[in-house]
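Just below is one structure, and these are the notes that go with it.
In this text the structure is predicted, and so the values were computed from the model without any measurement. One-based numbering along the sequence shown. Side-chain atoms are counted along with the backbone in the values below, which use heavy atoms only and exclude waters and symmetry mates.
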Amino acid sequence: MVNGRIECPLCLGEGKLKRSEVLDRLGVKDFARVAQLSAEEAFRMLLSKHKQDEQNVWLRFEAELAKRTSDIAQRHRDELHALTARTKELEAAARVAEQQQVLEIQHANRRVEDSLREAAELRERNQALEVEMSKVARVGKREEMDFADEARVWAGICVSEKLPRNGDFILAYRDPSGTPLEPRMLVDNKDKTVVTESDIDKLVRDAKERSTPIAALVAREETQLRQTDRDARWACKDGIWVLRTTRNWLPRDLDVLRPLFERMRINGTDFLEKNAVLAAEVRRTFADLDRVEKELGKAAKAIQSASALVAKYRGRLQELCDNVPARKMCSTPEPAVGISR
């Protein structure tokens with residue numbers, strides 16, 4: 001012992017001991033250390049377990065991620081395949097639509113070309129029709145004026161000026177003072193290939209509009225009348241008496257109808273309707289006159305043929321007569337063949 005101090009039996013004078021060594025030398029366990037070590041071991045084990053659990057979680061996550069990624073990739077491949085197939089279908093449909101559009105454009109172009117060609121043809125036809133209509137109008141106008149000029153020189157006949165509508169002229173007999181007498185006749189001139197039933201219907205409507213009981217459809221030539229017109233040249237239609245005639249027949253027909261006009265002037269316009277037998281007799285008279293005129297035409301042709309033959313033979317006889325002196329002055333005839341001199 002130095003200076004009242006005792007050497008430490010624990011450290012043996014070294015002065016440095018660990019706590020665990022002190023506790024070991026005293027025979028006392030270091031519970032704190034044990035607890036610390038136990039805690040550290042527990043934390044280590046907990047950390048180890050936590051790391052293991054974490055690794056398991058990550059493994060499961062990676063597996064789930066791989067599975068999900070695989071599913072997504074598979075779904076993506078399926079969708080890509082479907083989109084590829086749909087794209088091919090759309091491309092095919094687009095090509096078909098494009099081809100269809102090209103065909104439609106070509107068809108439309110052909111239709112436009114056909115329409116333009118038809119329009120050009122129609123334009124040409126319209127021009128031709130306009131030309132023909134103008135010709136027909138000129139022919140019709142000339143026919144009407146020729147008829148008026150011709151009818152004005154007929155004895156006892158009065159012809160009106162050209163009507164603006166509903167017929168061409170009003171024709172009537174006149175008294176010595178020149179006053180037109182009743183009944184009056186509506187005249188419609190026609191110079192066309194053949195007269196149609198619509199022409200008769202229009203004439204009847206025009207006669208009703210002008211309140212004239214008698215109307216006459218005057219054709220240029222006999223061939224322009226139909227057979228039905230020739231068979232019933234004097235007939236009643238819808239209350240109007242219609243005369244179907246020609247430029248050559250009209251003066252003769254007016255002479256035939258003149259007694260009827262006089263009776264109608266006295267007894268009224270319904271005189272013919274009350275005397276159907278008389279109207280039938282007039283129709284037969286016109287038919288007989290037409291046959292007589294045809295026979296006269298044949299006779300005139302025969303006379304013309306006979307006159308031509310007479311002129312022909314007269315010329316031949318004249319020629320023979322002129323050649324007779326020339327034959328007498330001829331020289332001695334030549335000897336017959338085969339006779340020697």
Checklist line | Common cluster, Trp249/Val195, ILVMFWY with side-chain heavy-atom separation under 4.5 Å | finding: yes

Margin query: Is there a path of hydrophobic side-chain contacts, each under 4.5 Å between heavy atoms of I/L/V/M/F/W/Y residues, joining Leu181 to Ile170?
Written below: no

Margin query: Can you give me the closest heavy-atom contact between Arg247 and Val218, atom names plus distance?
Written below: N-CG1, 3.8 Å

Note to self: Tell me the closest heavy-atom pair linking Thr179 and Asp175, and the distance in Å.
What the structure shows: N-OD1, 2.7 Å

Check: When rounded to the nearest 0.5 angstrom, what distance separates CD1 in Ile72 from NZ in Lys67?
Finding: 12.5 Å

Note to self: If we ignore hydrogens and angles and just use 3.5 Å, is the side chain of Arg230 paired with the main-chain N or O of Glu222 as donor and acceptor?
What the structure shows: yes

Next item on the list: Ignoring hydrogens and angles, tell me if any N or O in the side chain of Ser70 forms a donor-acceptor pair with the backbone of Ala66 under 3.5 Å.
Entry: no

Note to self: Does Glu62 have more than 12 heavy atoms from other residues, nucleotides or ligands lying within 6.0 Å of its CD?
What the structure shows: yes

Note to self: Testing the basics here: between Arg244 and Ala235, what is the closest heavy-atom pair and its distance to 0.1 Å?
What the structure shows: NH1-CB, 4.0 Å

Notebook entry, point to check: Which of these, His81, Gln74, His76, sits in a side chain to side chain donor-acceptor pair (under 3.5 Å) with Asp78?
Noted result: Gln74

Notebook entry, point to check: Can you list the steps and then say if Leu254 with Arg258 is a side-chain contact (heavy atoms from CB on, under 4.5 Å)?
Noted result: CA-CA 6 Å; Leu254 290 176; Arg258 186 164 189 169; over 6 Å; no

Notebook entry, point to check: Between atom CG of Leu122 and atom CD of Glu124, what is the distance when rounded to the nearest 0.5 Å?
Noted result: 9.5 Å

Checklist line | Partner residues of Thr245 under the side chain to side chain donor-acceptor pair (under 3.5 Å) criterion, sequence neighbours left out | finding: Asp253

Notebook entry, point to check: Does Leu186 belong to the same Ile/Leu/Val/Met/Phe/Trp/Tyr cluster as Trp241, with side-chain heavy atoms less than 4.5 Å apart forming each link?
Noted result: no

Check: Between CG of Leu59 and CD of Glu54, what distance do you get to the nearest 0.5 Å?
Finding: 10.5 Å

Item checked: Glu64 atom CD, over 12 foreign heavy atoms within 6.0 Å -> yes

Note to self: When you compare the side chains of Thr196 and Asp199, does any donor N or O come within less than 3.5 Å of an acceptor on the partner?
What the structure shows: yes

Next item on the list: Drop me the distance from His107's NE2 to Gln100's CD, to the nearest 0.5 angstrom.
Entry: 10.5 Å

Notebook entry, point to check: Under the side-chain contact (heavy atoms from CB on, under 4.5 Å) criterion, do Arg205 and Lys208 qualify, and how do the steps go?
Noted result: CA-CA 5 Å; Arg205 289 196 303 269; Lys208 289 182 178 181; 5.7 Å; no

Notebook entry, point to check: Could Lys237 and Asp201 be called an ion pair, given the rule that one side-chain N must be under 4.0 Å from one carboxylate O?
Noted result: yes

Notebook entry, point to check: What residue among Leu217, Ile214, Leu257, Val187 forms side-chain contact (heavy atoms from CB on, under 4.5 Å) with Leu243?
Noted result: Leu257

Note to self: Strictly below 4.0 Å, N to O, side chains only: are Glu91 and Lys88 in salt-bridge contact?
What the structure shows: no

Margin query: Please report the interatomic distance CZ(Arg165) to CZ(Arg210), rounded to the nearest 0.5 Å.
Written below: 6.5 Å

Notebook entry, point to check: Leu203 and Val159: same hydrophobic cluster, using ILVMFWY side-chain contacts below 4.5 Å?
Noted result: no

Item checked: For the student: nearest non-hydrogen atoms of Arg233 and Asp229, plus distance -> CG-O, 3.0 Å

Next item on the list: Can you see which heavy atom on Phe169 is nearest to which on Ser160, and at what distance?
Entry: CD2-O, 3.3 Å

Note to self: Between Asp168 (side chain only) and Asn189 (backbone N and O only), is there a donor and an acceptor less than 3.5 Å apart?
What the structure shows: yes

Check: Do Arg226 side-chain atoms and Val194 backbone N/O form a donor-acceptor pair below 3.5 Å?
Finding: no

Item checked: Linked, directly or transitively: Leu250 and Leu163 (ILVMFWY side chains, under 4.5 Å) -> no

Next item on the list: Working to the nearest 0.5 Å, report the span between OG1 of Thr84 and CZ of Arg77.
Entry: 13.0 Å

Note to self: Could you report the tightest heavy-atom contact between Pro183 and Arg265, atom names first, then the distance?
What the structure shows: CD-N, 4.4 Å

Note to self: Asn56 vs Asp53, test: side-chain contact (heavy atoms from CB on, under 4.5 Å). Steps then yes/no.
What the structure shows: CA-CA 5 Å; Asn56 293 333; Asp53 292 341; 4.2 Å; yes

Notebook entry, point to check: Is the shortest distance from a Lys or Arg side-chain nitrogen in Lys202 or Asp206 to a carboxylate oxygen in the other one below 4.0 Å?
Noted result: yes

Margin query: Can you confirm whether more than 12 heavy atoms, excluding those of Arg125, are under 6.0 Å from its CZ atom?
Written below: no

Check: Do other residues, nucleotides or ligands put more than 12 heavy atoms under 6.0 Å from Arg111 CZ?
Finding: no

Notebook entry, point to check: Do the side chain of Tyr173 and the main chain of Glu262 share a donor and acceptor less than 3.5 angstrom apart?
Noted result: no

Notebook entry, point to check: Does any donor atom in the side chain of Thr246 or Asn248 lie under 3.5 Å from an acceptor atom in the other side chain?
Noted result: no

